Amino acid sequence: MRRSMRSEPTLRHRLVAVGCLALASASCGNNPYPDSEGSKKVLYTSFVDAPRSLDPAVAYTTSAHAITGNVYDTLLEYHYLKRPFELIPGLAKSIPEPEAIAGGRVRYRFDLRPDLVFAEDESFGLGGEGRRTRAIESQDFAFQLMRIADPAVNSPVYEPFSSIEGFGGFRERLGALRAEEEGFAGLPIREQYQRAGGVAGIRTPDVSRLEVILAEPYPQLLYWFAMPFTTPVPFEAVEYWNGEGDRERFADHPVGSGPYVVASYDKEAKIVLEANPNWYGVQHPEWKAPGATYPSEGEAGDAEAGRLDPQTVGQPLPFLERVEFIRERESIPRFNKFLQGYYDASGIAKESFDSVVLEDRISPEMAARGIELAKTVRPAVYYIGFNMDDPVVGASATASGRGLRQAMSLAIDSREYARLFQNGRGVPAEGPLPPGLFGYDADYQNPYRHVDLERARLLLVEAGYRGGVDPATGEPLRLTFDTSDTSPQGRLRFQWFVNQWRKLGIDVEIDATNYNQFQEKVRNGAYQIFMWGWVADYPDPENFLFLLTTPMARSVSGGPNTANFQNAEFDALFEAMETADNGPERAATIAAMRELLERERPWIELFHPEDYTLFHDWLKNVKPAGISNPTMKYRDIDAGRRGEQREAWNEPVLWPAGVLAVLFVAALVPGVRTYFRERQ
Amino acid sequence: MPDWWFSNAVVVGLLASCGALAVYVRRNRLWSEAAAGLWRRRPLAILVVVFYASVALADSIFWIGGVDAGDDVVKQHEALSLVDRAFLGTSEASYSAPFADVEFYGGAPLQQQGLHPFGTDILGRDVLYLVLKGARVALLIGGVTSAIAIPLALLFGVAAGYFGGRIDDGVFFLISTLSAIPGLLLLIALIMVLGQSTLSVCLALAVTSWVGFCRVARGETLKLRELEFVQAARALGVSEPQIILRHILPNLAHLIVITYVLLFSGLVLSEAVLSWLGIGIQGSWGQMIVQASDEISREPVVWWNIGAAGAALFGLILAVNFVGDAVRDVLDPRTLREEA
Amino acid sequence: MLAYVLRRLAYGVVVVFGVLGLLFVLFFAVTDPDDIARQSLGERVPPDVIEAWKADHGYDRPLWPWQDWDDNQLFAHYSAMLRFDFGRRDSDDTKISDRLLDGMGPSLSLTVPLFVLGLVIGIPLALVVAFFRETYIDRLGVLLCVLAMSVSILLYIVGAQYLIAKLLRWFPISGFDPDPSVIVRFLALPILVGVVAGFGGEVRFYRTIFVEEGSRDYVRTARAKGAGEPRIMRAHVLRNAWIPILTQVVLSIPFLFTGSLLLESFFGIPGLGSLTVDAIRGNDFSTLRTMVYIGALLFVLGQILTDLCYALVDPRVRLE
């Protein structure tokens with residue numbers, strides 16, 4: 001009968017099978033990078049969320065600064081190694097001193113280095129056919145500062161710069177001209193700024209000098225000049241990269257003056273930086289400029305960590321030829337790829353912590369692979385806040401509200417929280433100021449930040465809530481903990497807090513809504529307890545204490561004082577320390593403010609986050625950056641060692657495939673036999 | 001009326017209607033044969049489902065007080081279910097492995113040594129307790145949602161099939177529009193509008209899953225409408241609602257039962273995905289899986305919470321799927337015909 | 001025939017209109033344009049900046065036509081979608097059409113092999129199982145299918161990542177690189193997970209069709225006449241079963257373009273699925289609207305194609 005079905009060429013089948021196996025093993029192996037890249041000085045790192053914008057006037061998130069910090073250079077920078085943070089000159093020749101001038105104003109004069117040049121970009125063709133770059137002038141700094149004032153740019157840092165004389169006036173005039181004059185809005189941006197009269201307090205006496213005049217003293221202004229907000233921006237780039245037609249927007253196409261340029265930018269997948277040949281450090285290594293030379297001093301511990309290697313000290317920067325940021329949404333894959341050698345540095349996923357850190361040091365297994373650990377305390381604070389406008393927990397409840405807040409503060413053990421949810425990372429916070437800032441006292445112990453349930457219960461009795469019971473209802477006092485974190489994992493954290501307060505008999509309910517609804521609640525003042533964090537913009541205590549001042553209150557001005565803490569005494573103390581110099585007087589004022597906060601408890605300070613960074617031994621000169629941004633130029637890679645280690649760690653384990661194949665065939669045999677039997 | 005009174009009332013109502021159903025089935029020969037056939041085919045699966053249902057019922061009977069709660073003072077004023085009470089005072093500080101004597105990280109001795117068959121989670125709660133509580137949520141999702149979706153589908157489907165014309169066009173338009181929107185997106189939008197309570201999630205799930213059965217109901221009604229006895233009833237002047245109630249619906253009964261069971265498992269699995277997106281229901285196994293899925297990368301691995309929740313989920317779905325297949329076999333007219 | 005096609009097309013248009021309207025209502029019932037602005041600009045932003053942003057993006061106009069017949073968001077929404085002017089993403093002002101084009105490639109590179117493999121594995125397996133109806137192979141096969149269907153896809157993904165990527169190190173845990181020499185590595189695991197997670201339901205579905213066909217009267221007659229089972233399978237069952245299978249297949253094709261939300265998200269594949277998940281998490285209306293619109297269009301297209309195929313294949317339908 002028909003033999004066709006059985007004797008269908010078995011030879012063909014065999015060939016196909018072999019072919020499949022070959023294909024499988026060729027594509028087998030877990031290296032995500034092309035093999036040719038193996039020997040280059042390329043740093044591989046990851047990012048979670050694409051930055052929304054790389055426009056230096058707008059970019060304000062860590063992920064954005066990871067790129068803008070390396071692509072846009074600034075007049076001043078932070079010293080890479082020294083702590084507490086110190087400013088060094090970058091594009092400026094030196095750090096200006098404030099000069100008091102007529103009318104209570106203050107002037108800062110910056111002298112630019114000579115011969116500074118922008119990175120190459122086609123937008124410079126606007127100034128002449130074939131032109132790819134030009135010299136950096138003081139007007140480029142002024143242009144960027146005016147962009148911050150420009151209402152159409154929507155810069156989030158308008159506030160700190162508004163102390164510049166004429167800043168607000170310029171903004172209004174610009175807005176008015178655009179609204180009223182025909183065709184004004186269609187003019188090139190630079191012309192618009194000129195027509196609006198510029199900013200009185202920003203002067204450019206000549207191409208290499210910039211003067212900034214403040215209407216009143218603001219010593220922290222200099223710190224803003226170490227952030228990408230004040231980088232020189234070429235007007236050609238802003239006008240050319242306008243997003244029309246095929247062109248990208250300026251927010252996606254940086255044109256800067258820093259050690260790197262953005263070579264390719266795929267927000268969903270990968271961002272690539274390449275060394276900038278026009279950077280002054282590359283063009284003029286003989287200057288030994290502080291921002292372009294590897295530092296020769298640091299703090300205690302840098303030498304032991306290998307960061308002051310004589311081979312590296314004094315060398316011109318940058319060392320890396322390329323940096324690749326790869327999008328990694330989930331922390332587990334990111335960490336595992338790090339272990340496989342495909343990322344050069346990594347945070348530590350909390351789930352993997354115990355395999356990595358043992359008694360606060362790198363574990364032996366990790367150390368055997370040459371992995372090292374760097375720890376820093378971030379200049380930030382995480383806290384639970386009370387809405388002081390709330391009738392039950394807030395200021396209007398006077399003594400009973402205060403007692404309630406104090407009691408709840410006594411129930412929370414920051415250390416236990418850190419142990420459970422952060423592998424013990426994080427310095428328990430006694431007050432709002434983090435370590436490394438003036439006014440931080442390592443010996444200070446906040447009596448309300450150490451668990452004492454007995455005392456808490458007594459306080460509750462005094463506050464009128466015996467046993468946590470609300471006298472009005474006869475039932476446990478019901479409060480709400482509002483959050484925008486609806487993830488199941490977030491839920492566990494909040495549940496822990498709730499469990500602590502339950503020990504006092506207080507019934508706190510978690511109200512988790514999505515981000516929009518949460519913001520709605522905050523705007524309407526419909527929240528009682530919330531959890532928040534604040535990361536320093538710059539290393540001055542004013543940047544933390546201002547969060548608790550009346551003008552910043554959410555209900556007053558929509559500001560960041562979400563706790564709505566409004567206390568006249570605190571405000572007065574703040575004004576006294578705001579512009580004071582660091583000294584014993586300032587310290588005393590800060591201590592008085594701290595005491596006030598102790599009593600009033602608008603916040604339950606939780607911890608100052610600690611970053612543990614892991615890195616492989618082939619990545620050199622790693623120091624966790626904190627608030628400093630241009631860090632890539634200091635790092636270096638030993639590509640040879642990396643290649644070796646990767647190979648050693650990533651042999652595919654192939655035997656299970658063989659076993660599976662055998663099992664599969666074995667399962668088929670009876671079926672095949674039955675088939676042939678059926679056919680007879 | 002506080003929530004928990006409502007829950008108790010529902011339990012009583014459910015038990016009563018189960019009783020009534022049992023009596024009805026006994027009396028009706030067709031149905032009691034079907035039930036016998038069902039039992040013959042999948043006794044184990046049925047027992048498993050009954051077990052889960054019992055746990056869920058036990059978790060739905062609440063009352064306040066009668067508790068010496070130790071550390072947690074608030075519990076004395078809260079409504080606690082039977083399951084809650086069985087596990088009072090079983091908390092530890094944090095993780096512990098199944099049947100362990102010490103905490104998993106840190107090695108501090110436990111308060112109830114060796115008494116946690118599935119270990120404890122990060123907050124110290126007994127995992128067996130959490131898994132048992134998840135049964136109620138799962139049955140709610142599957143049961144309540146189907147109980148909303150099926151009548152909804154019947155309403156539109158039978159109306160469309162029976163009355164035809166404009167009504168049919170209207171219903172068909174509605175179905176097409178709803179089908180065209182990707183289910184997950186519609187779900188998320190609905191949950192955002194309706195809120196995240198259990199009832200809202202059930203409602204949202206129901207709205208996104210009634211369309212399939214609606215089509216089936218419509219098709220069957222179309223066929224039934226042409227049958228002789230229906231034509232006869234109409235000729236006799238019997239009112240339309242009467243015809244639908246007494247002739248059409250009973251003949252859809254087998255489809256209803258089959259769909260109910262099959263929809264059930266699909267819904268419970270969908271809820272796991274919702275939990276991953278952050279809009280699931282509190283205390284569901286899906287939520288436990290998501291919370292725990294980070295943990296299996298810990299070293300040493302914390303496997304017991306995701307294992308227990310995953311196994312519980314798998315167990316219920318598998319049992320329901322088996323029962324569903326058996327139900328379909330028993331009630332499918334073709335099979336009935338063949339066995340005759 | 002032509003009339004039939006035109007009628008189906010017209011109906012499809014009406015459905016798409018309905019979808020767009022429903023989407024508009026649902027979204028604005030839930031979100032306030034102020035919030036969209038804040039999500040894009042960040043929290044610390046003064047109110048006049050928010051107003052400017054809203055004006056820029058057209059969110060400051062009245063929502064409903066009866067509030068202002070000349071300038072309202074509903075009409076603008078419809079006119080933009082009908083012109084395929086998707087505009088820019090709310091979150092960062094990139095062109096949505098660019099993102100769509102960029103994302104389609106990775107999505108298709110995942111869904112098409114997944115789909116094809118599903119068919120290539122599923123149909124023969126179902127045939128085999130149906131062929132061995134009532135024997136141990138059938139029972140085992142069905143049992144395996146039910147077991148496979150009962151596991152949540154989350155568990156499959158987590159398990160696969162742990163077992164295969166971490167322990168066995170066969171493939172990268174996640175990531176994507178369109179470079180042809182490495183692309184297979186990145187797609188292998190998600191495709192594997194997708195196939196395994198889906199094959200249970202698929203094989204059962206096809207098996208049901210085959211068994212139904214196989215129990216039809218004319219097939220019974222053929223068997224009674226003594227024809228061999230393999231021949232029956234080929235000549236009778238397969239020939240007639242392919243209509244419902246084809247329906248299923250054609251219906252699924254449009255969704256190949258929209259990508260798999262779960263797989264893309266967990267495995268880091270930058271396709272349309274992960275674009276949608278990001279839009280959901282970030283409350284990005286303009287992107288969500290576009291994805292739903294495209295999904296609806298493709299769905300309607302799929303329905304029309306299916307009906308067309310039916311009409312071509314089954315002469316009875318044409319006469320309707």
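Naming: A, B, ... by sequence-line order, numbering from 1 per chain. For clarity, every value in this text was computed on a predicted model and none was experimentally measured.
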What distance separates [X] [atom1] from [Y] [atom2], expressed to the nearest 0.5 Å?
X        : Y        : atom1 : atom2 : value
B/Trp276 : C/Ile153 : CH2   : CD1   : 10.0 Å
C/Ser152 : B/Trp285 : OG    : CH2   : 12.0 Å
B/Leu269 : C/Ser150 : CG    : OG    : 7.5 Å
B/Asp325 : C/Leu143 : CG    : CG    : 10.5 Å
B/Thr177 : C/Leu22  : OG1   : CG    : 7.5 Å

- Task: Would you indicate whether B/Phe173, at its atom CZ, is surrounded by more than 12 heavy atoms from other residues, nucleotides or ligands within a distance under 6.0 Å?
- Result: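 Enclosed.
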Under a 4.5 Å cut-off applied to non-hydrogen side-chain atoms, are [X] and [Y] in contact?
X        : Y        : result
C/Val15  : B/Phe172 : no
C/Leu155 : B/Ile306 : yes
B/Phe314 : C/Leu147 : yes
B/Ser176 : C/Tyr11  : yes

- Task: Over all heavy atoms of both residues, which pair between B/Ser179 and C/Phe299 is shortest? Give the atoms and the distance, please.
- Result: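 Closest approach of B/Ser179 to C/Phe299, heavy atoms only: CB-CZ, 3.5 Å.
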- Query: Using non-hydrogen atoms only, which part of C/Val14 is less than 4.5 Å away from chain B: side chain, backbone, both, or neither?
  - Reply: both
- Query: Hey, which of C/Leu297, C/Ile157, C/Leu262 has the most heavy atom pairs under 4.5 Å with chain B?
  - Reply: C/Leu262
- Query: Do you know which of C/Val142, C/Leu154, C/Val16 has the most heavy-atom pairs with chain B at a distance under 4.5 angstrom?
  - Reply: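 Top count of heavy-atom pairs under 4.5 Å with chain B: C/Leu154.
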- Task: For side-chain contact (heavy atoms from CB on, under 4.5 Å), just list the numbers for B/Asn321 and C/Arg204, CA-CA rounded to whole Å, side-chain angles, deciding distance to a tenth of an Å, and then say yes or no.
- Result: CA-CA 12 Å; B/Asn321 275 341; C/Arg204 285 208 65 189; 5.9 Å; no
